[in-house]
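Here is how names work: the chains are called A, B, and so on, in the same order as the sequence lines, proteins then strands, and each is numbered from 1.
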Number of protein chains: 2
Amino acid sequence: MLEGKYLAAIYADPNHRSCPIEQTFRIVGKKWTVLVLRELFFGANRFGRIKTGVGSINPKVLSNRLKDLEDAGMIKRDVTPGRPVQIEYTLTEKGTNILPFLFSAAKYSMGNCPEVVFKDGKSYTAEEILRKMSS
Amino acid sequence: MLEGKYLAAIYADPNHRSCPIEQTFRIVGKKWTVLVLRELFFGANRFGRIKTGVGSINPKVLSNRLKDLEDAGMIKRDVTPGRPVQIEYTLTEKGTNILPFLFSAAKYSMGNCPEVVFKDGKSYTAEEILRKMSS
DNA sequence: CAGCATCCGAATAGATACTG
DNA sequence: CAGTATCTATTCGGATGCTG
């Protein structure tokens with residue numbers, strides 16, 4: 001387990017200020033947030049599309065999450081004047097950079113909770129998943 | 001962004017049952033959970049050590065989180081009889097497997113929120129971080 | 001369509017004190 | 001040491017209805 005060694009080293013570094021794991025979860029750890037990001041990666045950039053994509057999220061909550069993400073600099077909200085005005089949400093670079101983290105989350109449950117994630121209930125390693133998807 | 005393509009493919013797969021990102025966050029997305037796991041990776045395996053390591057967590061909350069993790073099969077609780085009885089928490093394989101995910105979380109904020117994570121406020125890529133730590 | 005306003009309820013977390 | 005027991009405080013999310 002290579003990462004364990006490096007994880008410990010992070011905190012031993014004199015340049016270390018605060019826990020980077022904690023920081024990431026401060027930004028994307030709230031309920032619904034990662035699902036909103038997932039939808040943005042899927043290409044949904046309108047309020048309604050995000051809403052239906054996420055599922056049963058309440059409009060108030062979605063509105064709050066979008067504000068959170070905008071405040072965090074992960075998405076941009078663009079208004080195109082007209083009737084009606086058109087609002088579009090797009091990922092910034094900081095937002096786009098979260099993708100490997102989301103992918104890592106997906107990999108974990110695909111390998112370790114296959115019974116809830118896959119119909120066949122079989123677990124797949126990252127390599128198998130990637131190979132499977134390329135075909 | 002390689003992962004984006006694969007992320008979309010996951011949901012298109014006819015073998016797909018439920019969102020793997022959502023599933024991972026169901027397990028480790030609650031407040032404090034990842035910090036408890038972090039402490040376990042650091043070698044803390046007693047209630048008290050985990051508690052002080054995590055910081056200001058309430059014993060009731062820590063107790064709940066440990067139960068959550070045990071129910072999820074990520075940790076094991078071992079009791080050694082004696083006076084007083086000794087309780088030890090250890091990561092199972094399923095628990096150990098979460099490390100790349102935690103590492104991925106750390107990488108994100110080290111690269112994208114350096115001002116809160118590092119004293120020098122500079123961002124580091126994964127490669128720089130790894131190189132820096134090896135030296 | 002893209003939200004906001006209001007009200008309500010549930011779920012959590014925090015504080016504190018206590019126990020085998 | 002490793003929790004449990006209360007009690008309180010607060011946050012958060014859900015439901016519903018409304019608006020430019």
**Message:** At 4.0 Å (heavy atoms only), tell me whether A:K51 reaches a base, stays on the sugar-phosphate, or touches nothing.
**Reply:** nothing

**Message:** Of the options C:dC1, C:dG3, D:dA2, whose atoms approach the side-chain atoms of A:I87 most closely?
**Reply:** C:dG3

**Prompt:** Roughly, in whole Å, what's the span from CZ in B:R26 to C1' in C:dA11?
**Reply:** 17 Å

**Residue met sooner reading DNA chain C from 5', once A:Q86 and A:N58 are mapped to nucleotides** = A:Q86

**Message:** Listing request: all salt bridge (charged side-chain N to carboxylate O under 4.0 Å, His left out) pairs with a residue in residues 36-54 of chain A, at least two apart in sequence or in separate chains.
**Reply:** none

**Item:** Closest nucleotide among D:dC12, C:dA2, C:dT12 to the A:K30 side chain
**Value:** D:dC12

**Asked** Does the side chain of B:V85 come within less than 4.5 Å of B:T80's, by heavy atoms?
**Response** no

**Complete:** When rounded to whole Å, the CD to C1' distance for the pair B:E39 and D:dA2 reads 17 Å

**Message:** Given D:dC12, C:dA2, C:dC4, identify the nucleotide with an atom nearest to the side chain of A:R65.
**Reply:** D:dC12

**Phosphate-side-chain proximity, A:R49 and C:dA2, N/O vs OP1/OP2 below 4.0 Å** = no

**Message:** A side-chain contact here means heavy atoms from C-beta on lying under 4.5 Å apart; do B:D78 and B:I87 qualify?
**Reply:** no

**Request:** Please report, rounded to the nearest Å, how far the P atom of D:dG20 is from the CZ atom of A:F47.
**Result:** 18 Å

**Item:** Contact check, side chains of A:P114 and A:Y124, non-hydrogen atoms, under 4.5 Å
**Value:** no

**Shortest side-chain distance from A:V61, nucleotide among C:dG3, C:dG14, D:dG14** = D:dG14

**Asked** Given atom CD1 of A:I57 and atom P of C:dC4, what is their separation to the nearest angstrom?
**Response** 13 Å

**Asked** When you measure from the side chain of A:K60, which nucleotide among D:dA2, C:dC7, C:dA13 comes out closest?
**Response** C:dC7

**Message:** Rounded to whole Å, please give me the gap between NZ in A:K31 and C1' in D:dT11.
**Reply:** 13 Å

**Request:** May I ask you to verify if any side-chain N or O of A:S63 is less than 4.0 angstrom from the OP1 or OP2 atom of C:dC4?
**Result:** yes

**Request:** Check whether any side-chain nitrogen or oxygen of B:Y89 sits under 4.0 Å from OP1 or OP2 of D:dG3, and answer yes or no.
**Result:** yes

**Message:** Rounded to whole Å, please give me the gap between CG in A:L62 and C1' in D:dC12.
**Reply:** 15 Å

**Residue met sooner reading DNA chain D from 5', once A:N64 and A:P84 are mapped to nucleotides** = A:N64

**Request:** Look up atom CG in A:D68 and atom CH2 in A:W32, then write down how far apart they are to the nearest 0.5 Å.
**Result:** 14.5 Å

**Fill in**
Checking D:dG3, D:dC12, C:dC1 against the side chain of A:R46 (C-beta onward), the nearest is C:dC1

**Request:** Flag the pair B:Y108 / A:V28 as yes when at least one side-chain heavy-atom distance between them is below 4.5 Å, and no otherwise.
**Result:** no

**Prompt:** Between atom CH2 in A:W32 and atom P in D:dG13, what is the gap in whole Å?
**Reply:** 9 Å

**Prompt:** Nearest-Å distance, NZ (B:K67) to P (C:dA13)?
**Reply:** 14 Å

**Prompt:** Within the structure shown, what part of the strands sits under 4.0 Å from B:R83 by heavy-atom distance: base, sugar-phosphate, or nothing?
**Reply:** nothing

